[in-house]
Peer 1: 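Pasting a structure below so you can have a look.
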Amino acid sequence: MCAARLQDLPAWQQVQKQREDWGDAKIADLFDADPERGTHMTAEACGIYLDYSKNWLRQETLAALIDLARERGLEARRGAMFAGEHINTTEDRAVLHCALRAPKDTQICDQGVNVVPEVHAVLQRMMIFCDKVHQGEWLGATGKALRQIVNIGIGGSYLGPEMAYRATRQQRIAGIREHFVANVDGAALAAVLAEIDPEETLFIIASKTFTTLETMTNAHAARRWLVAALGEAAVEQHFVAVSSNDKAVAAFGMNPEHSFGFWDWVGGRYSMDSAIGLATMLAIGSAAFTEMLRGFHAMDEHFRHAELAQNLPVLLGLISVWYNNFWGAQSQAILPYAHDLARFPAYLQQLQMESNGKRVDLAGNPLAVDSGPIIWGEPGTDGQHSFYQLLHQGTRLVPCDLIGFIAPLSEYHDQHDLLMANLFAQSEALAFGRSAEELRALGVPEAQIPHRVSPGNRPSNLLLVDALTPFSLGALVALYEHSVFTQGVIWGIDSFDQWGVELGKVLATRVESDLQGKTKHPHDSSTRALIERYRASRS
Ligand SMILES: O=P(O)(O)OC[C@H]1O[C@](O)(CO)[C@@H](O)[C@@H]1O
């Protein structure tokens with residue numbers, strides 16, 4: 001890592017110069033200058049074709065961004081991550097989510113110990129457990145097959161499993177239904193419990209720390225619900241845990257043999273392929289889960305070995321930095337053209353914003369440039385009838401990632417061309433728009449012209465994936481994981497801690513005690529008045 005200020009680095013200044021020299025070049029001009037740009041500015045790996053031609057990028061811009069990545073030590077940092085160095089410095093932890101999907105014979109060490117055998121041992125236990133549930137060898141207390149799976153967890157212990165459950169709709173094992181409870185709002189749990197029969201229900205309590213307020217509150221409530229219906233002895237058959245805190249699991253009254261572990265070198269938002277994926281494996285079976293791990297691993301290998309200029313995560317990460325830091329983009333839209341990927345933007349929101357939403361660098365110095373972009377999005381075509389208006393004609397810069405799949409996503413094959421036509425049309429419309437001249441030629445009244453012009457020149461990436469399968473899902477998630485990593489390296493931050501979420505947790509515990517009248521902590525006049533108003537109304 002280089003100690004100089006980021007903006008003083010020669011490579012940063014080179015990129016800055018690209019920005020200053022950009023002039024008023026439009027995406028359309030770039031296509032005029034290179035008629036084959038649409039195939040030149042592409043890269044491909046693991047069944048994912050990335051077309052980044054519709055960006056404000058020249059070859060020189062890209063070269064400067066790649067120099068910046070080199071100057072920031074991306075290759076060395078990547079090597080350090082895969083070598084198990086404690087690159088999560090504020091927590092003194094290795095960052096080894098790549099070990100979760102490494103083949104059995106790989107060696108990846110944390111403090112001299114190869115972690116891969118432990119990973120495969122847990123995977124093996126998960127597989128045996130899932131097979132038992134699927135084959136009716138693991139039954140509920142009254143002898144019924146467990147068909148309703150309720151995952152109780154939040155953040156990284158929820159977003160990945162829920163996103164994957166939806167994304168793997170086509171691979172799901174018949175008869176299994178999954179539900180996800182995250183919010184401490186009792187309505188989340190109530191809505192699920194109202195739909196299920198305790199005799200057929202398996203609860204997975206998913207929490208790395210096994211101390212998270214929301215998860216523990218919901219877990220205890222679910223336990224009471226089950227005990228009320230089936231008695232205390234039923235807990236053993238109807239509850240399993242996923243956690244790295246064995247003691248807390250035992251304190252909850254769970255059989256340690258019914259707990260699946262993971263390690264402190266797996267961050268919550270990087271854990272969907274650890275035991276946190278138990279709900280995923282129950283939904284799709286161990287063979288499909290293994291396929292998903294293969295997809296993750298294939299992208300890891302691509303990230304490790306491909307040339308930076310052809311490296312998908314590096315390209316996505318650098319393009320994001322380009323807009324974020326050199327053009328002032330505040331946000332980035334994730335627009336999957338796949339109903340089954342509806343929760344992918346929310347998943348990436350945690351991945352990017354919890355990882356890179358940081359204000360100081362690794363040495364603790366305030367960042368002089370913006371870090372983590374705001375991630376948001378909805379599936380196409382739904383979003384087209386909602387917020388795309390702003391994307392096409394608004395005043396803000398919102399770079400977009402459009403994601404589509406070649407293979408039809410349902411048995412309604414004839415609808416797939418329509419979906420894909422919308423995807424390609426949107427990327428074209430964003431980039432090239434529709435001019436006043438075109439509108440005039442169509443006979444549009446002059447007074448309407450300014451309102452109907454779409455200026456175009458709105459940048460986007462298009463990710464065209466062969467099919468939405470467990471393999472490609474794994475590859476896509478790993479692609480974004482490493483893109484987030486690349487951005488974090490450019491900013492020189494710790495992308496693997498999340499201290500910013502602590503304060504709210506501490507204050508909530510204090511305020512709860514105040515709400516219940518047990519304590520009266522000092523608060524500002526606004527918070528105090530709100531607490532008093534709430535208490536007065538409640539009593
Ligand atoms: O799995 P746990 O320990 O319950 O934590 C859940 C989530 O809470 C956080 O620690 C912060 O909100 C996330 O990083 C994590 O994914």
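Counting convention: from 1, in listed order, for ligands and their atoms alike. For reference, positions follow the sequence shown, starting with 1. Keep in mind it's a predicted model, so treat the numbers as computed, not measured. All values below come from the heavy atoms of this structure, side chains included, with hydrogens, waters and symmetry mates left out.
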Peer 1: May I ask you to check whether H339 and D382 show a side-chain donor-acceptor distance below 3.5 Å?
Peer 2: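 Absent: no donor and acceptor within the cut-off.
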Peer 1: For E532, which residues count as a side-chain contact (heavy atoms from CB on, under 4.5 Å) partner, sequence neighbours excluded?
Peer 2: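 side-chain contact (heavy atoms from CB on, under 4.5 Å) list for E532, sorted by chain: R528.
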Peer 1: Would you kindly check if the NZ (Lys) or CZ (Arg) of R125 is within the cone defined by 45 degrees around the ring axis of F260 and under 6.0 Å from the six-membered ring centre?
Peer 2: yes
Peer 1: Does an N or O anywhere in G156 fall below 3.5 Å from an N or O of ligand 1?
Peer 2: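 N/O-N/O distance below 3.5 Å exists for this pair.
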Peer 1: Which residue and atom name correspond to the protein heavy atom nearest atom 14 (O) of ligand 1, and how close is it?
Peer 2: E354 OE1, 2.7 Å
Peer 1: Can you confirm, on distance only, whether ligand 1 has an N/O atom lying under 3.5 Å from any N/O atom belonging to T215?
Peer 2: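 No: no nitrogen or oxygen of T215 is under 3.5 Å from one in ligand 1.
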Peer 1: Decide whether Q171 and E291 meet the rule of one side-chain donor and one side-chain acceptor closer than 3.5 Å.
Peer 2: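 No.
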Peer 1: Y480 and Y347: aromatic ring centres closer than 6.0 Å?
Peer 2: no
Peer 1: Should the pair R93 and F496 be classed as cation-pi, given the thresholds of under 6.0 Å to the six-membered ring centre and 45° from the axis?
Peer 2: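 No, R93 does not lie over the aromatic ring of F496.
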Peer 1: Which ligand 1 atoms does I154 reach within 4.0 Å, using its non-hydrogen atoms?
Peer 2: 6 (C), 7 (C)
Peer 1: Going by heavy atoms, is Q350 under 4.0 Å from ligand 1?
Peer 2: yes
Peer 1: With heavy atoms under 4.0 Å as the rule, classify the contact between V501 and ligand 1 as side chain, backbone, both or neither.
Peer 2: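 The side chain, only.
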Peer 1: Considering heavy atoms of the protein only, find what lies nearest to atom 3 (O) of ligand 1 and give residue, atom and distance to 0.1 Å.
Peer 2: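 Answer, as residue, atom name and distance: T209 OG1, 2.6 Å.
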Peer 1: So does G261 get a backbone contact from the side chain of S244, meaning a donor-acceptor N/O pair under 3.5 Å?
Peer 2: no
Peer 1: Counting non-hydrogen protein atoms only, what is the nearest one to atom 10 (O) of ligand 1? Give residue, atom name and distance.
Peer 2: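 Atom 10 (O) of ligand 1 sits closest to the protein heavy atom K505 NZ, 3.9 Å.
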Peer 1: Which atoms from ligand 1 have a heavy atom of T212 less than 4.0 Å away?
Peer 2: 2 (P), 3 (O), 4 (O), 5 (O)
Peer 1: Any cation-pi pair here, R78 with F303, using under 6.0 Å and within 45°?
Peer 2: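 R78 over F303 ring: yes.
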Peer 1: For S157, counting its heavy atoms only, list the atoms of ligand 1 lying under 4.0 Å from any of them.
Peer 2: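 Checking each atom against S157, I get 1 (O), 2 (P).
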Peer 1: Between K208 and ligand 1, find which residue part has any heavy-atom pair under 4.0 Å and reply side chain, backbone, both or neither.
Peer 2: both
